[in-house]
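Encoded as structure tokens, the structure appears first; notes follow it.
Protein chains get the first letters and strands the later ones, always in sequence-line order, with residue 1 at the start of each. Just so it is clear, the structure is predicted and the values come from calculations on it, not from any experiment. Side-chain atoms are counted along with the backbone in the values below, which use heavy atoms only and exclude waters and symmetry mates.
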Amino acid sequence: MTRYNPKVTERKWQDYWQKQDCFAADATSDRPKYYVLEMFPYPSGRVHMGHVRNYTMGDVIARYKRAKGFNVLHPMGWDAFGMPAENAAMERGVHPGSWTRQNIATMRDQLKSLGLAIDWSREFATCDPSYYAHEQALFLAFLDEGLVERKESFVNWDPVDMTVLANEQVIDGKGWRSDAPVERRKLSQWFLKITDFAEDLLDGLETLDRWPDKVRTMQANWIGRSEGARVQFDIEGTDQAIEVYTTRPDTLFGASFCAIAADHPLASQVAGSNPDAAAFIADVQRSGTTEEEIETAEKRGFDTGLKVVHPLDDGWTLPVYIANFVLMDYGTGAIFGCPAHDERDLEFARKYGLPVQAVVIPDGESADSFAVDDVAYTGDGILGNSRFLDGLNVEDAKARVIDELEMADKGTRQVNYRLRDWGVSRQRYWGCPIPVIHCEDCGTVPVPVDQLPVELPDDVTFDKPGNPLDHHPTWKHVDCPSCGKPAIRETDTFDTFMDSSWYFARFCGLNPDAPLDTEAVNHWMPVDQYIGGVEHAILHLLYSRFFTRALERCGLVGMKEPFEGLFTQGMVNHETYQGPDGAWLAPEDIARTGGMITTHDGADVTVGRSVKMSKSKKNTVDPTDIIDSYGADTARWYMLSDSPPERDLDWSESGIDGAWRHTQRVWRLISEALDSLPEAGSDMPSQMGDAAIALRRSMHKAIQGVTDGIENFRFNTAVAQLYELTNAIAGAKGAGPDDAWAKREALETLVRLSEPMLPHLAEEAWALLGHETPLFETAWLDADPSLATDDTVTIAVQINGKLRATIDMARGADKADIEAAAFEQDKVKQATEGKDIRKVIVVPDRIVNIVV
RNA sequence: GCGGACGUGGUGAAAUUGGUAAACACAAGGGACUUAAAAUCCCUCGCCCGUUAGGGCUUGCGGGUUCAAGUCCCGCCGUCCGCACCA
């Protein structure tokens, strides 16, 4: 008997799948379509175990759905633009393009060695001009549709690297690479108007019933819808007014001040004639934007000396402050403060000695005596000290006061969103160029579609800080497409989230002439099952939902939601290690001697907590060693067993030997039994003994269990079911022809059910069992419900809730029979002798509880 | 601060959704086979008392509902995640 040799067999089947284009998807098939997609990888260097987990899960679904009769689309590509390529260029002098392509080549080979059922003919990288040309075309289409805007906004500016940083790249107020304090700078940027779809993006969440609640909640919070009012406070002695947004218009008679953001136009106006105000504003703008600073920052204000008139009382004026806690980019950038019912306003009012008048009176308190001390009252109650609102509850008061404001022409009902437009400009080289040209005479001119793509130049240098496109001697100098005069090309590139916001649609058909093959998109989309990390719960998934809506508005696709089903798989974590100089160390760089962890040179190592595998922290584990020693099937099986797919997982190799033993055992069971089995396709013997029937029951239970497990993303329990079936086959008794027949049936079932997880071994075993049609073209199995459950059940017998005996009964036995059988038990007789039976509960097929 | 998830043996976990807690696997220990090793096979394996028999306890802690709670409710403790001056 030969051992199963994965090295040879896996290569053989991978070649076969590739040569025959086995997994190429064809939109003309008459089978129902199924689009399964895993979030495409960033080509960072090499594949790690997190990738293996992600792509194996998708592959299980793809292979399973194919066997269930679906026409499956399962593509792969590369999210290939981004910062790490530029960092590599700066650190090692390699060109970002060649670094990226080298990584893609490596990772493609690694993924192929996993035996994934992927349609590689659709592969692309987002850094291919043949991809980003179309992204530029989409941008122009969005521009035509009014979905793009150019406006000034504040950004995090790194003065050393001379680039905009995303919020995530600012650590403790400093640039993550340069360590220089980040400045706030106002820049002209391109924005995509995602806020146009705020309501629709929120409503759409309701329809996504195959998304995790967690992700839907996160998106809903991010969109942040609130209902309130816009209220106008006229500035005394001028014809100007301050517009504020509030969700608590009911507390309007508890107002004691107005406050505006430091960036508010009125603040600049005040600063123009008041140096102290200017100094205060400058100070506020300088102070940090990090979470920690915001949390601990004291509420500070500057009294402008201006007074505003209460919108519902001409004789009532309120002071106007510039305040550090008011944000320009939410609402109107101005608020009215009601200290009694808002924690922040209260802190501010106490500091500046402003009145605190309670107007919402909690149950059981009186309007005359209720006072707020050091905690604002934010609960429900009845309005008091509020003139015509007195006696109303909060909800009614809101409605009534808005009516009054509208009548007085001082305010209106307003829905507000936290969501802000998406700034897509980045001062980087390795991204998709924004296809516009700036002309002194014509302004901003889009590059005509027939002149696309605007290609990145190859001859760039990274020797000085800033954007290499901007330093390039010639690239940005072009003639204006409109008037022909010398003009300047836009040197910003797109946020790389643009690239990943439509790639799933491009996979449907690689139309050379247009961004999308609309017919193909409408055939394959939406993605039936999308799989990826929860870290993209907001950004990528929200942007993609927005993009799909934008594409629909442009008439390019026929749906609004790109992903019908979403599964967020857990991360694969690993400890992190740092040497004495703080540099990250890879797991292979450390040595364990006794309980001590050091470098191989004996230097101290600081062991950090276990976090997601990532190249920047060097805590990755490369699957190549595992695949080389155990094979891809074992690696796949191991990643799927034991842990529920949505849960994070600390990487450990303990257990991988068990996975290896399993693959060998399956092979051994088949090859040892082979000579004694009937021919493939033999008729079932007319007489089946008990042992054969028992094996058939195990088999049908496994079909049911594995099917349920895969359908419900519980691959770990599907694996356990396959272990049980394997144990049942190995332990099967009986040597008659019926037993041999049942054994073949069970072995074939084991192989068929294992194929999504162990595709190479399964194909080889299938052939060994005498089949000529490859397994991946063979249908899935249906469980026979009458065999998937035993015809006898073990019923627990409890006395006062404690287990005292078990009885075996025919399934479906009626209550009276079960009760009678329970009372036959010696234990029951002893326990009930001479006692009153107070109650007997019988749940058929499950339990008897006797209460004495 | 707000919102959410989670907490079960030495370990990863399972539990038909209120009905025999610990399936399946890893690790560990014992045994068989072998000159030996590997591989394989068999046994033990939540904790405590007890030689077997048997008994008691057990799902982070404390209450509650119920004939019955890992599962439902209330209150703590702990871990993790998301958001965070959002008016």
Classify K802(A) by what it touches in the nucleic acid, base, sugar-phosphate, or nothing, heavy-atom distance under 4.0 Å.
sugar-phosphate

How is R216(A) classified with respect to the nucleic acid when contacts are heavy atoms under 4.0 Å: base, sugar-phosphate, or nothing?
nothing

Considering every strand shown, what is the Watson-Crick or G-U wobble mate of C72(B) when both distances are under 3.5 Å?
G64(B)

Can you find a heavy atom in the side chain of V843(A) that is under 4.5 Å from one in the side chain of I841(A)?
yes

Establish, from distance only, whether the side-chain atoms of D633(A) and T663(A) form a donor-acceptor pair under 3.5 Å.
no

Selected nucleotide, minimal atom distance to P644(A) side chain, candidates A14(B), C86(B), G12(B)
A14(B)

Using atom P of each nucleotide, how far apart are C80(B) and C85(B) to the nearest Å?
23 Å

Which listed nucleotide (G54(B), C24(B), C81(B)) is nearest to the side chain of K214(A)?
C81(B)

Could you let me know what G50(B) is paired to, Watson-Crick or G-U wobble, both distances under 3.5 Å, or none if it's on its own?
none

Check whether the side chain of R344(A) and the base of A87(B) form a donor-acceptor pair under 3.5 Å.
yes

Closest to side chain of S643(A), choosing from C86(B), G12(B), C24(B)
G12(B)

Looking at U40(B), A25(B), A87(B), which one has an atom nearest to any side-chain atom of R668(A)?
U40(B)

Please report the shortest heavy-atom distance between L747(A) and A673(A), naming the atom on each side.
CD1-CB, 4.2 Å

Is the shortest side-chain N to carboxylate O distance from D283(A) to R300(A) below 4.0 Å?
yes

Any donor-acceptor pair under 3.5 Å linking the side chain of D345(A) with the backbone of C338(A)?
yes

Watson-Crick or G-U wobble partner for C24(B), using a 3.5 Å limit on both distances?
G12(B)

A32(B) to U79(B) separation - C1' atoms, rounded to the nearest Å:
46 Å

Ionic contact status for K701(A) with D790(A), cut-off 4.0 Å:
yes

Nearest-Å distance once atom P is located in both A23(B) and G46(B)
8 Å

Side chain of N716(A), heavy atoms from C-beta onward: which of A13(B), A23(B), A27(B) has the nearest atom to it?
A13(B)

In the structure I gave you, are the side-chain heavy atoms of I807(A) and Q825(A) within less than 4.5 Å of one another anywhere?
yes

Does a distance-only test, which skips hydrogens and angles, find a donor-acceptor pair under 3.5 Å between the side chain of K299(A) and the base of C85(B)?
yes

Nearest heavy-atom neighbours spanning I799(A) and K827(A)
CD1-O, 4.2 Å

Re G29(B): Watson-Crick or G-U wobble partner, both distances kept under 3.5 Å, found to be C43(B)

When you get a sec, tell me which of C86(B), C24(B), U20(B) is the closest nucleotide to the side chain of A796(A)?
U20(B)

Side chain of K827(A), heavy atoms from C-beta onward: which of A84(B), G56(B), G54(B) has the nearest atom to it?
G54(B)

Salt-bridge present (E199(A), R225(A); N to O < 4.0 Å):
yes

Can you list, in residue-number order, the parts of residues 645-658 of chain A that come under 4.0 Å of RNA chain B, counting heavy atoms only?
R647(A), S654(A), G655(A), G658(A)

Heavy atoms under 4.0 Å, any strand shown: does Y723(A) hit a base, just sugar-phosphate, or nothing?
sugar-phosphate

Residue T794(A), side-chain atoms from C-beta onward, closest of U20(B), C83(B), A14(B)
U20(B)

For C2(B), give the paired nucleotide (Watson-Crick: N1-N3 plus N6-O4 or O6-N4; G-U: N1-O2 and O6-N3; both under 3.5 Å), or none.
G82(B)

With the side chain defined as heavy atoms from C-beta on, Q798(A) is closest, among A14(B), A21(B), A87(B), to A21(B)

Check this for me: does any side-chain nitrogen of one of D329(A) and R420(A) sit under 4.0 Å from a carboxylate oxygen of the other?
yes

Quick one: which of T749(A), L725(A), L787(A) gives a side chain to side chain contact (heavy atoms under 4.5 Å, CB included) with I703(A)?
T749(A)

Is the glycosidic torsion of U59(B) within 90° of 0, making it syn, or is it anti?
anti

Any sub-3.5 Å donor-acceptor pair from H574(A)'s side-chain atoms to W651(A)'s backbone N or O?
no

When we call it a touch if two heavy atoms are under 4.0 Å apart, what does V326(A) touch: a base, just sugar-phosphate, or nothing?
base

Using a strict heavy-atom distance below 4.0 Å, which residues from residues 840-852 of chain A are in contact with RNA chain B?
I841(A), V843(A), R846(A), I847(A), N849(A), V851(A)

Applying a 4.0 Å non-hydrogen cut-off, can you work out what R838(A) is touching in the nucleic acid: base, sugar-phosphate, or nothing?
nothing

Quick one: label N727(A) by what it contacts on the DNA or RNA (base, sugar-phosphate, nothing), any heavy atom closer than 4.0 Å.
sugar-phosphate

Map I795(A) and R418(A) onto RNA chain B by nearest heavy atom, then report which one ends up closer to the 5' terminus.
I795(A)

Minimum-distance nucleotide (side-chain atoms of Y330(A) versus C26(B), A15(B), C86(B)):
C86(B)

Students often get this wrong, so: under 4.0 angstrom with heavy atoms, is R230(A) touching a base, only sugar-phosphate, or nothing?
nothing

